[in-house]
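Written out below as structure tokens is the structure these notes cover.
Order of appearance sets the numbers: ligands from 1, and atoms from 1 within every ligand. Counting from 1, the numbers follow the sequence of the chain as shown. Keep in mind that the numbers below use all heavy atoms, side chains included, and drop hydrogens, waters and symmetry copies.
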Amino acid sequence: MTLEYAKERQAFGRSIGKFQAIRHKFAEMATKIETARQMVYTTAWRFNNGEYPVREISMAKLYASQIAVEVADECIQIHGGAGYMTEYGIERVWRDMRLNRIGAGTDEVMLDVIGRSYGL
Ligand SMILES: Cc1cc2nc3c(=O)[nH]c(=O)nc-3n(C[C@H](O)[C@H](O)[C@H](O)COP(=O)(O)OP(=O)(O)OC[C@H]3O[C@@H](n4cnc5c(N)ncnc54)[C@H](O)[C@@H]3O)c2cc1C
């Protein structure tokens with residue numbers, strides 16, 4: 001949705017996606033998403049193959065949840081004022097992603113599980 005918006009929305013005579021600042025935001029977001037995806041997929045693959053890697057499961061849950069919120073927040077920013085309004089649906093994505101840092105084990109609990117896995 002945000003990619004389409006960045007291609008359509010015109011400001012200062014060009015689509016906002018043509019500004020380097022906005023292009024770099026997409027590059028950062030794509031890199032973060034890919035990192036989180038690979039972590040989740042690798043951990044899921046290990047679990048599916050009989051392992052129970054609690055540390056990496058907790059890391060994947062923690063990291064993917066945080067990245068989802070960061071990316072959704074950046075998408076609101078790229079939408080400008082429209083991102084704040086319910087009509088565009090982006091603020092709803094942010095709110096939905098925000099639950100992941102609370103539900104099924106909060107960030108703090110994930111950090112504690114990871115920390116304890118090092119014998120602390
Ligand atoms: C929309 C929604 C849907 C949900 N769906 C489900 C569901 O389907 N099934 C289900 O079981 N639960 C569900 N939950 C509950 C969710 O799992 C809990 O909200 C979550 O585990 C946090 O518990 P709490 O709200 O009681 O917060 P609290 O336990 O009161 O925590 C408050 C804060 O204190 C921190 N904290 C608590 N204990 C520690 C600790 N030992 N060390 C460090 N920090 C700590 C927490 O990280 C948090 O920041 C849902 C919650 C929401 C909002």
>> I'd like to know whether Thr106 forms a side-chain contact (heavy atoms from CB on, under 4.5 Å) with Arg101, so could you lay out the CA-CA distance, the side-chain angles of the two residues, the decisive distance to 0.1 Å, and finally the verdict.
In response: CA-CA 5 Å; Thr106 62; Arg101 294 186 52 195; over 6 Å; no
>> Using the rule given for side-chain contact (heavy atoms from CB on, under 4.5 Å), can you reason through Val69 versus Asn100, listing the C-alpha separation, both sets of side-chain angles and the distance that settles it, and then say yes or no?
In response: CA-CA 8 Å; Val69 175; Asn100 291 314; 6.0 Å; no
>> For a side-chain contact (heavy atoms from CB on, under 4.5 Å) check, start with the C-alpha distance between Tyr63 and Met110, then their side-chain angles and the critical distance, and finish with the verdict.
In response: CA-CA 10 Å; Tyr63 187 71; Met110 292 300 109; over 6 Å; no
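Enclosure of atom CZ in Phe19 by more than 12 non-hydrogen atoms of other residues, nucleotides or ligands within 6.0 angstrom is indicated.
Taking a distance limit of 4.0 Å, we find that atom 4 (C) of ligand 1 is approached by no protein heavy atom. The presence of a protein heavy atom under 4.0 Å from atom 32 (C) of ligand 1 is ruled out. In this structure, atom 9 (N) of ligand 1 has its sub-4.0 angstrom surroundings free of protein heavy atoms. Counting only heavy atoms, the protein never gets under 4.0 Å from atom 28 (P) of ligand 1. Distances from atom 37 (C) of ligand 1 to the protein include no heavy-atom value under 4.0 Å. For atom 52 (C) of ligand 1, the protein comes within 4.0 Å by at least one heavy atom. For atom 1 (C) of ligand 1, a protein heavy-atom neighbour is present inside the 4.0 Å cut-off. Less than 4.0 angstrom separates atom 44 (N) of ligand 1 from at least one non-hydrogen atom of the protein.
Among all protein heavy atoms, the one lying closest to atom 16 (C) of ligand 1 is Gly103 CA, 4.0 Å. Looking only at heavy atoms of the protein, atom 46 (C) of ligand 1 is closest to Thr106 OG1, 3.7 Å. With respect to atom 49 (O) of ligand 1, the closest heavy atom belonging to the protein is Glu108 OE1, 3.4 Å.
Between the side chain of Asn49 and the backbone N or O of Trp45 there is at least one donor-acceptor pair closer than 3.5 Å.
Between Val109 and ligand 1 there is no heavy-atom distance shorter than 4.0 Å. Under a 4.0 Å heavy-atom criterion, Asp112 is not in contact with ligand 1.
Between Tyr5 and His79, the ring-plane angle classifies as parallel under the 30° and 60° cut-offs.
Of all the listed residues (Ile102, Leu99, Asp96, Leu111), Ile102 holds the heavy atom that lies closest to atom 20 (C) of ligand 1.
Side-chain contact between Val113 and Lys61 is absent, with no heavy-atom pair separated by less than 4.5 Å.
Atoms of ligand 1 found under 4.0 Å from any heavy atom of Ala104 (numbered from 1 in listed order, with element): 17 (O).
Residues Val40 and Met59 are members of separate hydrophobic clusters, defined by side-chain heavy-atom contacts under 4.5 angstrom among Ile, Leu, Val, Met, Phe, Trp and Tyr.
The cationic group of Arg55 lies under 6.0 Å from the six-membered ring centre of Tyr118 and within 45° of the ring axis, placing it in a cation-pi geometry.
Salt bridge annotation for Glu34-Arg37: present, with a cationic side-chain nitrogen under 4.0 angstrom from a carboxylate oxygen.
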